[in-house]
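It should be emphasised that the depicted structure is a prediction, and the values quoted were computed from it without experimental measurement. Counting begins at 1 with the first residue of the sequence.
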Amino acid sequence: SPECLPLLDEIGLKDTVLDHGASRVSGMRLHGFGQAAHGNYTRIGELRLPSGFGVALRREVLDTLTVEAAKAHENIDVFEGWSVSGPIFHETGRVSGLKLRDSEHSPREFHARFVIGADGLRSRVAQGMGWSMADPKLDRWAAVARFRGVERQAEAEVHFLDGAYFAAAPI
């Protein structure tokens with residue numbers, strides 16, 4: 001979304017993302033239950049978007065660019081080949097770090113002020129917090145398809161169905 005572009009700029013990734021084929025997305029088309037709506041990213045009342053567009057980029061490209069930027073940053077250590085075993089809890093109950101296995105499978109612990117569990121559908125962080133796939137909040141799946149020869153659109157689309165949705169973006 002347009003709100004994310006300043007964040008990408010702040011961490012030095014905005015130009016890199018745009019240089020690696022990110023498509024500009026000018027708005028959204030929403031469809032569902034016999035209704036449709038269309039909107040462009042623009043000023044609404046006092047809300048002033050930092051740009052008039054969002055961007056769409058394949059997830060694996062964004063992930064690779066993010067890891068490469070982290071490797072190049074002098075204050076960030078990247079531990080490739082390590083795996084997460086689960087969260088570490090502070091006595092107050094909040095997550096205060098991660099139990100890990102290094103590239104040689106030796107157990108390690110890292111403590112942190114913040115822990116972000118962005119480790120996917122079968123998240124070891126979520127499981128360690130007592131969440132499971134039986135939890136309705138995590139009962140999701142996705143099908144991904146990519147098509148060639150389709151005319152690129154300026155907007156993204158979302159189609160709503162009973163209990164589901166389908167989204168398409170110009171990547």
Trainee: Does Ser1 form a side-chain hydrogen bond (donor to acceptor under 3.5 Å, both in side chains) with Glu3? I'd like the steps, not just the answer.
Mentor: CA-CA 5 Å; Ser1 73; Glu3 292 89 353; 2.9 Å; yes

Trainee: Let me confirm one number: the CZ-CD1 distance from Arg146 to Ile171, rounded to the nearest 0.5 Å.
Mentor: 5.0 Å

Trainee: Report the distance from atom CG of Leu5 to atom OH of Tyr41, rounding to the nearest 0.5 Å.
Mentor: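 One gets 10.0 Å once the value is rounded to the nearest 0.5 Å.
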
Trainee: Between Phe166 and His159, what is the ring plane arrangement, given parallel below 30°, perpendicular above 60°, and tilted in between?
Mentor: tilted

Trainee: Does CD belonging to Glu60 count more than 12 external heavy atoms closer than 6.0 Å?
Mentor: yes

Trainee: If the plane angle is over 60° it's perpendicular, under 30° parallel, otherwise tilted; pick one for Phe160 and Tyr165.
Mentor: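 Tilted: the ring planes of Phe160 and Tyr165 meet at 30° to 60°.
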
Trainee: Taking all atoms of both residues into account, what is the closest heavy-atom pair of Ser23 and Pro170, and its distance?
Mentor: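 Looking at all heavy atoms of both residues, the closest pair is OG-O, 2.6 Å.
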
Trainee: For the hydrophobic clusters of this structure (ILVMFWY residues joined by side-chain heavy atoms under 4.5 Å, transitively), does one cluster hold both Val125 and Phe89?
Mentor: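 Yes, because Val125 and Phe89 connect within a single hydrophobic cluster, where side-chain heavy atoms sit under 4.5 Å apart.
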
Trainee: Please report the interatomic distance OG(Ser85) to CD(Glu109), rounded to the nearest 0.5 Å.
Mentor: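 Output value for this atom pair is 9.5 Å.
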
Trainee: Hydrophobic clustering (ILVMFWY, side-chain heavy atoms < 4.5 Å, transitive) - are Val84 and Trp82 grouped together?
Mentor: yes

Trainee: Rounded to the nearest 0.5 Å, what separates atom NZ in Lys14 from atom CG in Asp19?
Mentor: 11.5 Å

Trainee: Evaluate the side-chain proximity of Lys99 to Arg124: yes if any heavy-atom separation is below 4.5 Å, no if none is.
Mentor: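 No. Closest side-chain heavy atoms not under 4.5 Å.
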
Trainee: Nearest 0.5 Å, please: how far is CG in Leu8 from CG in Asp15?
Mentor: 10.0 Å

Trainee: Val158, Leu161: one ILVMFWY side-chain cluster at the under-4.5 Å cut-off?
Mentor: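 Different clusters: Val158 never reaches Leu161 through Ile, Leu, Val, Met, Phe, Trp or Tyr contacts under 4.5 Å.
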
Trainee: Do you know which two heavy atoms are closest between Phe110 and Leu100, and how far apart they sit?
Mentor: CD1-CD1, 3.5 Å

Trainee: Are side-chain heavy atoms of Leu65 and Leu57 found at a separation under 4.5 Å?
Mentor: yes

Trainee: Atom CE in Met28, atom CD in Glu157: separation rounded to 0.5 Å?
Mentor: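 Separation between the atoms: 9.0 Å.
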
Trainee: Check for me, please, whether Leu13 and Val61 land in the same ILVMFWY cluster - side-chain distances under 4.5 Å, paths through other members count.
Mentor: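 Yes, same cluster.
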
Trainee: Under 4.5 Å between side-chain heavy atoms, counting indirect links through other Ile/Leu/Val/Met/Phe/Trp/Tyr residues: same cluster for Val17 and Ile11 or not?
Mentor: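 Yes.
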
Trainee: For Ser103 and Gly81, indicate whether the former's side chain and the latter's backbone hold a donor-acceptor pair under 3.5 Å.
Mentor: no

Trainee: Is the shortest heavy-atom distance from the side chain of His20 to the side chain of Leu62 under 4.5 Å?
Mentor: no

Trainee: How close do Val115 and Ser96 get, counting heavy atoms only, and between which atoms?
Mentor: CG2-C, 4.3 Å

Trainee: Is the closest side-chain heavy-atom distance between Arg108 and Phe79 below 4.5 Å?
Mentor: no

Trainee: Tell me whether His105 at atom NE2 has more than 12 heavy atoms from other residues, nucleotides or ligands lying less than 6.0 Å away.
Mentor: no

Trainee: Test your reading of the model: is there a side-chain donor-acceptor pair from Arg24 to the backbone of Phe53, 3.5 Å cut-off?
Mentor: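 Side chain of Arg24 to backbone of Phe53, a donor-acceptor pair under 3.5 Å: no, none is there.
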
